[in-house]
Amino acid sequence: MTSAAHAAHEPLIRVIKRGEVPSTRRKIAVRLAAIALALVIDALFIYFVTGLNPLSVYGVMIGGTFSTSMRFSWAMRDLASLLLIGIALAPAFKMRFWNIGAEGQVLMGALATAAVMVNLGGRVSSWLLFAAMLAASILAGALWGFIPAWFKARFGTNETLFTLMMNYVAIQIVACCVNIWRGQASGLGKLNMKTKAGWFPQLFGQRYTINLIVVVVLMVLVFCYLRYSKQGYEIAVVGESENTARYAGINVGRVIIRTMILSGALCGLTGFLIVGGRDQTISTGTAGGNGFTAIIVAWLAKFNTFTMALISFLLIFLEKGAAEIASAYNLNDYASDIIAGIILFCILGSEFFINYKVVLRGHHKEVR
């Protein structure tokens with residue numbers, strides 16, 4: 001075939017994976033460019049659709065997190081829950097086990113925590129109560145992670161569907177228990193309201209300060225576990241190729257089960273921190289959808305727990321900013337969510353240009 005005929009059959013645009021690993025400078029540049037593009041698109045949307053001044057809207061959006069110390073504190077409170085779930089997902093995702101069940105694992109950990117508070121609150125010492133709450137939450141989350149891992153290792157089931165369906169099972173179990181506990185009341189309310197048994201003590205004026213401390217410690221520990229431990233190495237090898245792992249003498253089934261027990265246990269721990277340190281109650285909405293949002297956190301961070309902290313903060317900032325825009329300008333939630341969503345969409349889209357390149361027909365020019 002002549003070069004002219006070959007060129008005629010060649011597609012106008014081709015997308016190919018980059019052969020080289022992008023430098024850190026390039027990654028930062030692409031992401032900054034994505035944010036700048038998002039701000040421009042948002043400005044056009046704000047001006048032409050809402051008729052507002054884009055700069056004023058951006059100012060209000062920033063104020064949703066930074067205008068007062070209390071708002072910043074609330075952002076840190078929500079950041080702790082989202083970040084810890086992202087940390088919990090990192091080992092499983094690095095192993096290419098797509099754990100979509102974090103929402104259910106958090107709920108089961110929260111339910112176990114609440115059950116201990118309801119049944120032991122005021123009957124045992126505070127430290128024994130906290131120890132029982134912690135153990136129950138970790139065991140419940142670990143069990144909810146073990147079940148799909150065992151079926152995957154034993155029967156090769158699809159972990160995405162399995163873990164997703166277990167979310168709905170967890171929701172119904174929580175709904176059933178909450179209905180039993182509340183009796184004839186219209187709502188469950190705060191657990192142990194009179195005695196405050198099982199409520200975290202206040203540090204620096206807030207109960208969720210302990211949540212932040214635990215998350216920072218786990219962020220370091222999980223990073224070191226994945227980067228430097230033998231178990232972390234096995235997770236990486238299984239994630240790259242199960243056949244290679246088996247050839248290297250790694251028991252793939254054992255790694256899958258062990259890693260998912262860890263992932264579920266950390267999600268269960270999140271439930272403990274939410275119930276004891278943030279909400280002091282439980283409902284089917286305790287996880288707040290963070291089990292799904294954390295998937296974005298883990299994926300964008302490439303399982304680096306320190307990068308997860310930055311991405312988690314960005315997502316919380318967008319959430320708070322959207323709510324503040326809706327309140328300040330009396331916009332419906334859809335308009336404010338579109339503004340935040342455009343920024344997130346562009347950031348997610350930037351990952352494409354980091355890992356792939358677009359080549360035009362003819363002279364093989366790259367569209368950077």
Side-chain angles (χ1 to χ4, degrees), residues 81-119 132-181 214-215 218 222 225 231 235 253-279 281-295 297-298:
S81 300
L82 177 59
L83 176 56
L84 184 50
I85 300 174
I87 292 171
L89 290 177
F93 277 23
K94 189 170 184 178
M95 187 178 61
R96 298 297 190 268
F97 186 104
W98 307 118
N99 179 16
I100 314 299
E103 194 87 358
Q105 292 153 23
V106 172
L107 280 176
M108 294 307 292
L111 178 63
T113 301
V116 172
M117 290 176 67
V118 169
N119 292 286
M133 290 163 57
L134 174 62
S137 66
I138 290 176
L139 288 173
L143 174 63
W144 223 243
F146 166 79
I147 294 173
W150 185 83
F151 274 91
K152 172 72 173 181
R154 183 70 177 82
F155 302 109
T157 56
N158 186 303
E159 72 274 11
T160 303
L161 292 176
F162 204 121
T163 53
L164 180 63
M165 289 188 295
M166 289 190 70
N167 288 332
Y168 299 104
V169 177
I171 289 171
Q172 297 307 315
I173 293 175
V174 170
C176 178
C177 291
V178 168
N179 283 333
I180 293 173
W181 290 337
V214 171
V215 169
L218 286 174
V222 173
Y225 175 79
Q231 291 80 8
I235 288 171
R254 182 184 302 169
V255 173
I256 290 174
I257 292 174
R258 180 185 67 207
T259 305
M260 271 303 294
I261 288 175
L262 172 62
S263 183
L266 291 176
C267 286
L269 175 62
T270 306
F272 165 66
L273 296 178
I274 291 174
V275 173
R278 194 187 76 181
D279 296 342
T281 190
I282 184 173
S283 70
T284 55
T286 290
N290 283 334
F292 299 108
T293 307
I295 295 173
V297 173

Backbone of Met166 reached by a side-chain donor or acceptor of Trp144 within 3.5 Å: yes
Spacing of Thr113 atom OG1 and Asp279 atom CG [to the nearest 0.5 Å]: 11.5 Å
Pairwise distance SG(Cys177) to CG(Leu107) - rounded to 0.5 angstrom: 11.5 Å
Heavy-atom pair with the smallest gap, counting every atom of Ala114 and Ile282: CB-CG2, 3.8 Å
Euclidean distance, Ile261 CD1 relative to Leu266 CG, rounded to 0.5 Å: 12.0 Å
Between OG1 on residue Thr293 and CD on residue Glu103, distance to nearest 0.5 Å: 8.0 Å
Side-chain touch Leu161/Ile100, heavy atoms, less than 4.5 angstrom: no
Under 3.5 Å donor-acceptor, Ser263 side chain and Ala88 backbone: yes
Distance (rounded to the nearest 0.5 Å) between Thr160 OG1 and Lys152 NZ: 8.0 Å
Heavy-atom pair with the smallest gap, counting every atom of Met260 and Pro148: CE-CG, 4.4 Å
Steps toward side-chain hydrogen bond (donor to acceptor under 3.5 Å, both in side chains) verdict (Ser81, Asn290): CA-CA 8 Å; Ser81 300; Asn290 283 334; 5.1 Å; no
Whether Phe151 and Phe162 hold their rings parallel, tilted or perpendicular, with breakpoints at 30° and 60°: tilted
Nearest non-hydrogen partners of Gly253 and Ala153, listed with the distance: CA-CB, 3.8 Å
Closest non-hydrogen atom pair between Val106 and Ala287, with its separation: CG1-CB, 4.0 Å
Closest non-hydrogen atom pair, Phe292 against Leu164: CE2-CD1, 4.1 Å
Non-hydrogen atoms of Pro91 and Ile87 that approach each other most closely: CD-O, 3.2 Å
Close side-chain approach of Gln105 to Asn99, heavy-atom, < 4.5 Å: yes
Rounded distance (nearest 0.5 Å) linking atom CD1 of Ile235 with atom OH of Tyr225: 4.0 Å
side-chain hydrogen bond (donor to acceptor under 3.5 Å, both in side chains) against Thr259, all qualifying residues, sequence neighbours excluded: none
Heavy-atom check, side chain of Phe97 versus side chain of Ile256, under 4.5 Å: yes
Candidate pair Phe93 and Ile295, rule side-chain contact (heavy atoms from CB on, under 4.5 Å), full reasoning: CA-CA 9 Å; Phe93 277 23; Ile295 295 173; 3.7 Å; yes
Side chains of Val174 and Thr286 in contact at under 4.5 Å (non-hydrogen atoms): no
